[in-house]
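Here the structure is a predicted model, which is why all the values come from computation and not from measurement. Residue indices begin at 1 and follow the sequence shown. Just so you know, ligand 1 is whichever comes first in the structure, and atom 1 is the first atom listed for that ligand.
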Amino acid sequence: MEQITVKASQSSYKVSVGAGIRHRLADFLPKTYQNVFIVSDTRIAPHYLDDYIASLLPNAKVTKKIIEPGEAAKSKEMYFDILDSMFEAQLDRKSLVLALGGGVIGDLAGFVASTYMRGIDFIQLPTTILAHDSSVGGKVAINHETGKNLIGSFYPPVAVVYDVDTITTLPEKEVRSGYAELIKEAYIGDGAFLDQLFAREKLDKGNQDQLIKDLSSGIKVKTKIVEADEKENDMRKFLNLGHTLGHAIEAEAGYGTFTHGEAVAIGMLFALELSEKRFGANLLLDEFQSWLERNQYPLYLPDLSAARLVTRMQMDKKSENKEVHMVLLREIGQPVTEKVDHDTLFDAVTSFLE
Ligand code: ADP
Ligand code: ZN
């Protein structure tokens, strides 16, 4: 097992990554809770909910809320629906919310916990690889018609208990999605981690030692950044590496065509190519490309128009007067934010699509 402590301004919490630790959840609780509310989805709950419940105190009152999977759950309606269920379950300020699932469940349950009676304790129990990212840093939110994650708060969990056993049932597409963000973290902050990832023949969700190592390495990079951000206020944006084009691809191809991480992987290839051109660094692009191919990442973009992608990139919140602010790498481990003007961007995207 690996444990990483994340220091937030008001509190600090431990992220524990291990195999089979769902059977001893009580060991990771900061105190005992009499009234516990669990949020999960219908794909995850049948596999792991009972194990987690069995590992709580025998006399604790437990209420379950099992919802349909998918981003649509991060809605105002679902938010109020869960609040209603929490009042019905008579949770008080000493109660606990458990979020068992991926990013959707963590964001939703965390946001509910942050506002129920001005905030009650919550614990993340991630079941996806991508959740290594969303479960650290304390951002919780639901969506508004205007955009994703626009209703939310900074609300750190009291603990994160990451049982890698749960990854065995995660679909391959979701494994690829999560690993793309791990590669991102490696590029941003840890060259040795990057070498470790590229040295592997194939991703193997059944290899628990590897998962523990990879997830905790990614979490360490993310932790460093969110801790530094409290002082510097602009480190977090480096986590957007690959996301400027990645978000544009997700939207242009239609949500669901690519998983988030698959789109980010393509976006990273683009950002790294641009970085090599601009700074002349060697960013191991061949190794990255070969790793993506070995692991069946979709790298072919179905008829996307460069002009439309660039327009999307300009709509991104980091864009000012047609210039796009992109995260690039001076070297591995040295992210920078650079302005890219329209013509340069258009030419780069056009040649990237060829
Ligand atoms: P993330 O944002 O972390 O990728 P999501 O909450 O969007 O997570 O989950 C992605 C999909 O994978 C959802 O359909 C979810 O139900 C499913 N899922 C999550 N964890 C598991 C798991 N351990 N086993 C099987 N399916 C899972
Ligand atoms: Zn992302």
Side-chain angles (χ1 to χ4, degrees), residues 17 19-22 39-52 65-75 78 99-111 124-137 139-143 148-149 160-188 205-206 208 211 215 218-219 221-222 225-226 236-251 255-256 258-268 271 316-318 327 335:
V17 190
I21 58 179
R22 71 187 178 287
V39 184
S40 189
D41 82 27
T42 55
R43 292 214 180 105
I44 300 157
H47 298 289
Y48 309 111
L49 188 67
D50 288 346
D51 290 344
Y52 270 114
K65 182 86 182 178
I66 314 299
I67 64 177
E68 291 298 318
E71 186 74 22
K74 286 170 63 177
S75 66
M78 184 61 78
L100 172 62
V104 169
I105 297 291
D107 281 2
L108 174 66
F111 182 61
Q124 301 249 31
L125 311 171
T127 63
T128 67
I129 292 171
L130 192 56
H132 78 273
D133 189 48
S134 52
S135 65
V136 175
K139 280 186 181 178
V140 292
I142 58 170
N143 301 330
K148 283 173 86 170
N149 297 327
V160 179
V161 180
Y162 215 138
D163 187 342
V164 296
D165 274 356
T166 64
I167 303 298
T168 51
T169 54
L170 189 67
E172 300 302 328
K173 224 174 148 53
E174 301 295 339
V175 173
R176 280 196 290 274
S177 182
Y179 258 96
E181 300 265 8
L182 282 174
I183 293 260
K184 178 197 78 179
E185 259 117 27
Y187 263 115
I188 296 172
K205 67 178 180 181
Q208 296 176 322
L211 277 175
L215 288 169
I219 289 167
V221 174
K222 170 100 195 225
I225 290 176
V226 298
R236 255 187 209 249
K237 66 179 181 234
F238 295 143
L239 295 164
N240 279 318
L241 178 66
H243 283 63
T244 315
L245 181 62
H247 283 151
I249 289 171
E250 273 186 290
Y255 286 99
F258 297 103
T259 59
H260 173 69
E262 286 170 344
V264 167
I266 300 171
M268 263 196 293
D316 210 71
K317 57 179 175 285
K318 290 155 290 286
V327 180

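- A donor and an acceptor atom, one from each side chain of Y48 and T169, are located under 3.5 Å apart.
- In summary, the atoms of ligand 1 found under 4.0 Å from a heavy atom of I44, numbered by their order in the structure, are 18 (N), 19 (C), 20 (N), 21 (C), 27 (C).
- Of all heavy-atom pairs spanning T42 and P69, the tightest one is OG1-CD, 3.1 Å.
- If you put the vertex on the Zn ion (ligand 2), NE2 of H243 and NE2 of H260 sit 100° apart, to the nearest 10°.
- Scanning the protein heavy atoms around atom 13 (C) of ligand 1, the nearest turns out to be R43 NH1, 3.9 Å.
- Annotation for I129 and L182: closest pair CG2-CD1, 3.8 Å, computed over non-hydrogen atoms.
- The nearest heavy-atom contact from the protein to atom 12 (O) of ligand 1 is E174 CG, 4.0 Å.
- For atom 23 (N) of ligand 1, the nearest protein heavy atom (residue, atom name, distance) is T166 O, 2.8 Å.
- Close approach to G102 involves these atoms of ligand 1, each under 4.0 Å from a residue heavy atom: 3 (O), 6 (O), 8 (O).
- One side chain, H243 or E181, offers a donor N or O that lies under 3.5 Å from an acceptor on the other.
- Exactly one residue among D165, D50, T166 makes a side-chain hydrogen bond (donor to acceptor under 3.5 Å, both in side chains) with R22. That residue is D165.
- Taking the side chain as every heavy atom from C-beta outward, K74 and N149 approach each other to under 4.5 Å.
- At the top of the distance list for atom 16 (O) of ligand 1, counting protein heavy atoms only, stands D41 OD2, 2.7 Å.
- Considering each of V104, T42, T169, I67, the one bringing a non-hydrogen atom nearest atom 7 (O) of ligand 1 is V104.
- Without hydrogens or angle criteria, K205 side chain to T168 main chain gives a donor-acceptor distance under 3.5 Å.
- Checked against the Zn ion (ligand 2), the N, O or S atom of E181 at the shortest distance is OE2.
- For the atom pair L108 CG and I67 CD1, the distance stands at 5.0 Å (nearest 0.5 Å).
- In terms of protein heavy atoms, atom 9 (O) of ligand 1 is closest to T128 CG2, 4.1 Å.
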(request) Would you check, one step at a time, whether the test salt bridge (charged side-chain N to carboxylate O under 4.0 Å, His left out) holds for R176 with E262? (result) CA-CA 7 Å; R176 280 196 290 274; E262 286 170 344; 3.3 Å; yes
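- Of all protein heavy atoms, the one closest to atom 4 (O) of ligand 1 is L130 CD2, 3.3 Å.
- Ligand 1 lies out of reach of S134, whose nearest heavy atom is not under 4.0 Å from it.
- The CG atom of D133 lies 6.5 Å from the CG atom of L239; values are rounded to the nearest 0.5 Å.
- Looking only at heavy atoms of the protein, atom 20 (N) of ligand 1 is closest to T127 OG1, 2.8 Å.
- Counting only heavy atoms, the protein gets under 4.0 Å from atom 25 (C) of ligand 1.
- Using a 4.0 Å cut-off to heavy atoms of A131, the atoms of ligand 1 that qualify are 3 (O).
- Of the candidates P171, A45, G103, P69, it is G103 that places a heavy atom closest to atom 1 (P) of ligand 1.
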